[in-house]
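Since we're looking at a predicted model, the values are computed, not measured. Quick note on labels: first sequence line is chain A, next is B, and so on, each numbered from 1.
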Number of protein chains: 2
Amino acid sequence: MRPREFDHDNVLRVAFDQFWRKGVRGTSLSDIARDAGVQRGSLYNAFGSKEALFLEAYERYAGDYLLALQKALSAGSLRKRLTAFFDLTITNFRSGSPPRGCPTTRGLMELGAAEGEGLDEDARKAFASLVSRITALVQDALSAGAERGEFGGNPAAAALHIITVTRGLAVLERAFGDEPQLRKIAAHTIDLVLGRARVNGQ
Amino acid sequence: MRPREFDHDNVLRVAFDQFWRKGVRGTSLSDIARDAGVQRGSLYNAFGSKEALFLEAYERYAGDYLLALQKALSAGSLRKRLTAFFDLTITNFRSGSPPRGCPTTRGLMELGAAEGEGLDEDARKAFASLVSRITALVQDALSAGAERGEFGGNPAAAALHIITVTRGLAVLERAFGDEPQLRKIAAHTIDLVLGRARVNGQ
DNA sequence: CCACGTTCTTGACGTCGTGTCAAATATGGG
DNA sequence: CCCATATTTGACACGACGTCAAGAACGTGG
């Protein structure tokens, strides 16, 4: 058994950074190999393919991201928790310069293509799983809020609505990149869901 | 002046069909050239690059799509118009087998990349323009509804919210492909915007 | 302590896609 | 009728993906 000469974790970090900035199709294994100080062939040996490498790097990111969301969704009033949730979401895909967008949404639209050819399906499932898990987190927060009388609607439907809005924000971010507007939409959504939109005006 | 030997419009149709099914990066000019019965070099001569060809084909689609939306948004009560709007939206990206998704969202996430390198910027503007124009249409419908007492909120904010939801639906469609659920979210959004969500239960 | 198998590494290869170029070709205006 | 102009065509250079066989490094068992 010959031991690995490179740091598996470091490769994942370097790879995900590139994928996030340039997209999966826009990133070449040569780029990653160069930046990570690894031979291209070694990447194929260790991960199998570019998509598999992306998937592993993405799972790593998804775990961290989910933990951060969970934390944001567990402090203070329902309104505060939802605000923190949207804040973290928007801050995440406005990070970097230029902003790198939402990796989940970008990856999903790039790999969750219609003409499924093998590994794309695994990728689609990974994305779908993260989206589902986030939805569940939001739903829990709403359910807790319902018990405390902070929210009077259907938690499942509202959670689904909220996750839909976050995905929409990820798309609009690409189109306009106008962060204040994204935050306005988020605030409006919170108001709508909590039933105060028409009271607050704007 | 030697005349073109191919039908410019037909090439755009063939190209957009491929782009829609397989994405821009997933479609090769050889594919398009073969299907359209044109030499690859002629495409470069006529359009300049793959992205430019996509852009021209997309503009063509966008015009048609905008007209259809406009029509859907001009018949009956506000609720009926919004229902028709969402229906057209969802039907559009559930079309084809397998469903091809929303070309605007797919194209935007694919080409509206962060590391802008020239033509990507034009593409981003084209997508942003369509999104803006759709938002304006929805806003007009809401304003008209406000005058008739069908809607009591802020048309601009509500229109932005609605377009955000449609973009989110385009993303969720890729993740789950569960059309009934998409339609539920759409119905819920209409209820929310019209201020009936908590009355209707669900 | 050393040989051997197992795993990793390395570089070469085949294939495909993009974009460029020059030569060949077809047209219509002067 | 001829020539400027635009299009077509095939060849080319380049980069990326993925495969493969040969070489290198390790540790395990004799």
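- For Phe86(A) and His188(A), the gap between ring centers reaches or exceeds 6.0 Å.
- Under the 3.5 Å distance criterion, with hydrogens and angles disregarded, no donor-acceptor pair is assigned to the side chains of Asn92(B) and Ser95(B).
- When rounded to the nearest whole Å, the span between CG of Leu43(B) and P of dG10(D) equals 14 Å.
- Each of Val38(B) and Met1(B) lies near DNA chain D, and the nucleotide nearest Met1(B) is the one positioned closer to the 5' end.
- To the nearest angstrom, C1' of dC8(C) lies 13 Å from NE2 of His8(A).
- A tilted orientation is assigned to the rings of Phe16(A) and Trp20(A), their planes being inclined by 30° to 60°.
- Among the protein residues, Ser28(A) comes within range of the sugar-phosphate backbone only, with heavy atoms under 4.0 Å from sugar or phosphate atoms but none that close to a base.
- As rounded to whole Å, 19 Å separates atom P of dA16(D) from atom CZ of Phe54(A).
- Going from atom OH of Tyr44(B) over to atom P of dC14(D) covers 16 Å, rounded to whole Å.
- Checked by distance alone, Arg40(B) brings a side-chain donor or acceptor within 3.5 Å of a matching partner on the base of dG19(C).
- Between Leu53(B) atom CG and dT18(C) atom C1' there is a gap of 13 Å when expressed in whole angstrom units.
- Just one residue in the list Tyr65(A), Phe127(A), Phe19(A) forms a ring pair (Phe, Tyr, Trp, His ring centres under 6.0 Å) with Tyr58(A), and that residue is Phe127(A).
- dT9(C) atom P lies 10 Å from atom CZ of Phe47(A), rounded to whole Å.
- Both Asn45(A) and Thr27(B) lie close to DNA chain C; mapped to their nearest nucleotides by heavy-atom distance, the more 5′-ward contact belongs to Asn45(A).
- The shortest distance between the side-chain N/O atoms of Gln39(B) and the OP1/OP2 oxygens of dT8(D) is not below 4.0 Å.
- The base of dG17(C) does not come close enough to the side chain of Arg25(B) for any donor and acceptor atom to sit less than 3.5 Å apart.
- Picking from dT18(C), dT8(D), dT9(C) the nucleotide with the shortest atom distance to the side chain of Phe6(A) gives dT9(C).
- Side-chain nitrogen and oxygen atoms of Ser42(A) include at least one within less than 4.0 Å of the OP1 or OP2 phosphate oxygen of dT9(C).
- Judged by atom type and distance alone, Arg2(A) does not reach the base of dC26(D) through any side-chain donor-acceptor pair under 3.5 Å.
- In the model, Arg94(A) has no side-chain atom that pairs as donor or acceptor with a side-chain atom of Thr89(A) under 3.5 Å.
- The side chain of Arg4(B) sits closest to dT8(D) out of dA11(D), dT8(D), dT6(C).
- Atom CG of Asp7(B) is separated from atom P of dT8(D) by 12 Å (rounded to the nearest Å).
- Nucleotide dG23(D) holds its C1' atom 12 Å from the CD atom of Glu5(A), rounded to whole Å.
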